[in-house]
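Start at 1 with the first residue, then count along the sequence. Counting convention: from 1, in listed order, for ligands and their atoms alike.
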Amino acid sequence: MAIAAVARSEIFLGDVFARKATSLNGKWHFIVDPYDTGYFDYRLQAYDASVKPGGGFFLDRRAKDKTDLVEYNFDTSPILNVPGDWNSQNKELFYYEGSVWYRTKFDVNRSAPDHRLFVYFGAANYEADVYLNGQKLGKHIGGFTPFAYEITKFARNKNNSLVVRVNNKRNIEGVPTVNTDWWNYGGLTRDVLLVETPATFISNFRMRLKSGTTNTIEASAQLDGTREDQTVRINFPLLKIAAETRADANGVAHAELEAPDLKLWSPENPILNDVEISSGEDKLKDRVGFRTIAVSGTDVLLNGRKIFLRGISIHEENPVRGGRAWSETDAKLLLGWAKQLNCNFVRLAHYPHNEHMARLADEIGILVWEEIPVYWTIQWTNAETLANAEKQLSDVISRDQNRASVVVWSVANETPVGEARTKFLKSLVDEARSLDGTRLVSAAMEVRIDPNDPFHKIVDDPFGEFTDLCSFNEYTGWYDGLPEKIDRLRWSIKYQKPVFISEFGADAKQGFHADALTRFSEEYQADVYTRTLPMLEKIPGFSGCTPWVLCDFRSPRRPLAGIQDGWNIKGLIGHDGKKKMAFAVLKTFYNEKAKMGN
Ligand code: GCU
């Protein structure tokens, strides 16, 4: 069976949940392969690099007869649920980092012979080599963004074998790099779909307000296929507006629609508009909100009005069930808790979460900060590392550019001040602005302490010059001193920009009660909140915060036995779903803010 030894190009399938698709979610057979026996021969040559491979689990072979030597068999191998990480599903894989081979089988029932077929993955952590019927489709790097491959030429009607080698080994040149404060969940962690399209189809589209207006819609669509100069029709049935335009030779179509009756989206009023985009046989539907977001001096303006961002930071984990969150139900749990806190904003840390989060935030009215995992100290001078980060950024922007809720693209968290780093981050800011000039761009920076005065905190990171928000993490009372120190702080902030506290907090074991000076007690954590919020209110330009963190989450950096036991316990909600005292402290503060119209 001949193998073309190339990685075919990935394709971006936008609005995938509105497409004609068959779910490939479910029970997949898997083979754990710590030595990559299914990928390399004993000379460490990759099997899929050769035209006539002598082995490789992607061939999904079966022994032909009793004499035939085949040392793996997916059919008799155990199963894992997809979507889902392997760590929380299988005790033996809880700490496992390495390769796991997944295999599923499916039939194809195309509705027209000239239609095209794609396999779509919501995400796979961290590297995924994808094969269909023994054919290499491609390799995706990055654990939190979607990817798809065309299989039209390789698919057969019956019994297709889809094999994916997922490897979550951490590597120094990766994004993220080898050390993070979250669990390195591996696997096919989000939806897998078989997508069918007409020969020419709409691969992605973008809807937004024309800059400087609140009632002119700028629509664009990208066609993929032979007849890329086709007509594209955009229709907003309830707004009773529509437009027709022709795509150019590159398959790109643009149109402007005057929408005199357009109502703007906001957390209080999350108005979404049904939209239909069609071209030839292809038709996509979506629900899109329109709003403006901007900064003016030290204010954040939503639809031209000053807003205070009542936020919370969230990891993509369902603490109660355990493991990576991936579904609409998980999104409802996490954003439901944020709503109970009276939040109008969430920071999805530190990597792009699944699409259900931003879509639900659109529906229920919560603003969103999205981030790529340029976390702590990655390889700033490594061109491949930069290309990897740029790809993750462009993929999340392509995926969520139509979400009204998403208002901030964050390009990094807690990265060390330095020339190479600032140059690296600046290029990400430029990329974000060139791909989407309608949203704010920021990062979570760090604070430095005046060497002559421990109570004097300084924010003058040179990277702050390039961001729309002056956002930083601040841990006085936990990593720096005791809670009483919070009351005595004074700040020097270099930038005349909205000040946004992207993290503050303290650990507390849910149910552990003691005096407010006993670390890990709920009282200590509540005291940090009680002192920090009024302290922040005194900072000129204080425009919001996303305390660390909504709920406890697993971290390999937190071994304190009997207290942390492998969890970062800075959550306001324990990993049993129970609220801690500090939850009420923050909620009361946000209720006050909301009452004042913020
Ligand atoms: C850091 C970091 C988080 C981490 C938190 C903590 O600021 O950004 O990822 O979990 O602090 O130490 O709890």
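Contact atoms of ligand 1 toward Asn473: 7 (O), 8 (O) (distance under 4.0 Å to a heavy atom of the residue). Each of the atoms 6 (C), 12 (O), 13 (O) of ligand 1 lies under 4.0 Å from some heavy atom of Arg558. Shown in contact with Asn413 at under 4.0 Å from a heavy atom are these atoms of ligand 1, numbered in order with element: 2 (C), 8 (O). Less than 4.0 angstrom separates some heavy atom of His350 from each of these atoms of ligand 1: 3 (C), 8 (O), 9 (O). When each atom of ligand 1 is checked for a heavy atom of Tyr479 under 4.0 Å away, the hits are 6 (C), 12 (O), 13 (O).
Each of Tyr185, Trp182, Trp567, Trp183 was evaluated against His315; a single residue qualifies, Trp182, per the ring pair (Phe, Tyr, Trp, His ring centres under 6.0 Å) test. Each of Lys509, Lys580, Lys570, Lys579 was compared with Asp552 under the salt bridge (charged side-chain N to carboxylate O under 4.0 Å, His left out) criterion, and only Lys580 meets it.
Between Asn568 and ligand 1, at least one pair of N/O atoms sits closer than 3.5 Å. Among the atoms of Trp548, some N or O lies under 3.5 angstrom from an N or O of ligand 1.
His353 and Asp400 share no donor-acceptor pair across their side chains, judged by distance under 3.5 Å alone.
Salt-bridge annotation for Glu328 and Arg359: absent, with no side-chain N of the basic residue lying under 4.0 Å from a carboxylate O of the acidic one. A salt bridge links Glu370 with Arg399: at least one charged nitrogen is closer than 4.0 Å to a carboxylate oxygen. Salt-bridge formation is detected for the pair Asp460/Arg448: a Lys NZ or Arg NE/NH1/NH2 atom is positioned less than 4.0 Å from an Asp or Glu carboxylate oxygen. Arg490 and Asp453 are joined by a salt bridge, as a carboxylate oxygen and a charged side-chain nitrogen come within less than 4.0 angstrom of each other.
In this structure the side chain of Phe345 reaches within 4.5 angstrom of the side chain of Phe500, judged on heavy atoms.
Given atom 7 (O) of ligand 1, the protein heavy atom at minimum distance is Glu414 OE2, 2.4 Å. Scanning all protein heavy atoms for the shortest distance to atom 4 (C) of ligand 1 gives Asp181 OD2, 3.2 Å. For atom 2 (C) of ligand 1, the closest non-hydrogen atom on the protein side is Glu503 OE1, 3.4 Å.
By the criterion of a heavy-atom distance under 4.0 Å, the side chain of Phe553, and not its backbone, is placed next to ligand 1. At a heavy-atom distance under 4.0 Å, no atom of Trp182 approaches ligand 1. Contacts between Asp507 and ligand 1 below 4.0 angstrom, taking non-hydrogen atoms only, are absent altogether.
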Applying side chain to side chain contact (heavy atoms under 4.5 Å, CB included), run through Glu317 and Arg554 and close with a yes or a no. CA-CA 8 Å; Glu317 191 177 278; Arg554 283 206 177 275; 3.8 Å; yes
